[in-house]
Amino acid sequence: MPDEVRDPVKADGYAAAHLDGMGEGYGFRKVRRVLDVTAFGINAIVLPTGIETGFHYHDVQEETYFVHRGRLEFEFGDGRNLVLGPGGFVRVDASTHRKVRNVGDEDAVYVVVGGKDGYVGREAHVPEGDSRIRG
């Protein structure tokens, strides 16, 4: 079995990397840049316990957040707070004010995906002679 990918790997038609291969310490991991993503924005953020981001909003970019590790409190401009743990998702309209606070007792890691202009629909194809599920 091959070793797990750590450092970025790029080839014709795909790229792969590990969070740790995208940078060190706290803050943003520029997933879009490392993997050459062009269709949407995507970043991973490592946030130490007790730290919060400031409020922000966007002009056109809707965002979806995924909590990979830790516990995050999302605060919205309407005053509501939601706490999400590992596996939690939240979608936020572009103009909605939001901030994030690490309320857990360990570093939190979350992924933010942003875009505009909608879903392109189901357009996956299975190559002739192949199947989607095996094993």
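FYI, the numbering just counts along the sequence from 1.
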Report summary line: Between the CD atom in Q61 and the OG atom in S95, the distance rounded to the nearest 0.5 Å is 13.0 Å
Query raised in the report: Would V112 end up clustered with F28 when hydrophobic side chains under 4.5 Å apart are linked, directly or stepwise?
Result: yes
Query - Pair L19-V109, side-chain contact (heavy atoms from CB on, under 4.5 Å): steps then yes or no - result: CA-CA 9 Å; L19 178 74; V109 177; 3.8 Å; yes
Query raised in the report: So which heavy atom on V67 is nearest to which on L72, and how close?
Result: CG2-CD1, 3.8 Å
Query - Donor-acceptor contact present, side-chain T64 to main-chain V113, <3.5 Å - result: no
Requested in this report: Taking all non-hydrogen atoms of both residues into account, name the closest pair between G70 and P86 and its distance.
Outcome: O-CD, 3.2 Å
Query raised in the report: What are the two closest non-hydrogen atoms of N102 and R71, and how far apart are they?
Result: OD1-O, 3.3 Å
Query - Shortest non-hydrogen contact from A17 toward V34 - result: CB-CG1, 4.0 Å
Report task. Hey, can you tell me if F55 and H97 have their rings parallel, tilted or perpendicular (30° and 60° cut-offs)? Result -> tilted
Report task. Could you give me the CA-CA distance, side-chain angles and deciding distance for H18 and E4, then say whether side-chain hydrogen bond (donor to acceptor under 3.5 Å, both in side chains) is met? Result -> CA-CA 9 Å; H18 187 278; E4 288 184 17; 5.4 Å; no
Report summary line: Rounding to 0.5 Å, atoms CG (D105) and OG1 (T49) come to a distance of 6.5 Å
Query raised in the report: Atom CG of L35 and atom OG1 of T38: how far apart are they, to the nearest 0.5 Å?
Result: 11.5 Å
Report summary line: CZ of R98 to CG of L82, rounded to nearest 0.5 Å, is 13.0 Å
Report summary line: Applying ring pair (Phe, Tyr, Trp, His ring centres under 6.0 Å) to F89 and not counting sequence neighbours gives F66
Query raised in the report: So does D20 pair up with R6, basic N to acidic O under 4.0 Å?
Result: yes
Query raised in the report: Hey, what do you get for OG1 (T96) to NE2 (H56), rounding to the nearest 0.5 Å?
Result: 10.5 Å
Query raised in the report: If Ile, Leu, Val, Met, Phe, Trp and Tyr residues are connected whenever their side-chain heavy atoms lie under 4.5 Å apart, and connections chain through other members, are L47 and F74 in the same group?
Result: yes
Query raised in the report: Would V37 end up clustered with M22 when hydrophobic side chains under 4.5 Å apart are linked, directly or stepwise?
Result: yes
Query raised in the report: Is the shortest side-chain N to carboxylate O distance from K10 to D12 below 4.0 Å?
Result: no
**Report entry** Nearest atoms (heavy-atom pairs only) where P48 meets D107
**Finding:** CA-OD1, 3.6 Å
Query raised in the report: Would a hydrophobic clustering, with Ile, Leu, Val, Met, Phe, Trp and Tyr connected at side-chain separations under 4.5 Å, put V31 with Y110?
Result: no
Query raised in the report: For the atom pair CG (L84) and OH (Y65), what is the distance rounded to the nearest 0.5 Å?
Result: 11.5 Å
**Report entry** Derivation and outcome, side-chain contact (heavy atoms from CB on, under 4.5 Å), residues V100 and E52
**Finding:** CA-CA 5 Å; V100 179; E52 70 179 44; over 6 Å; no
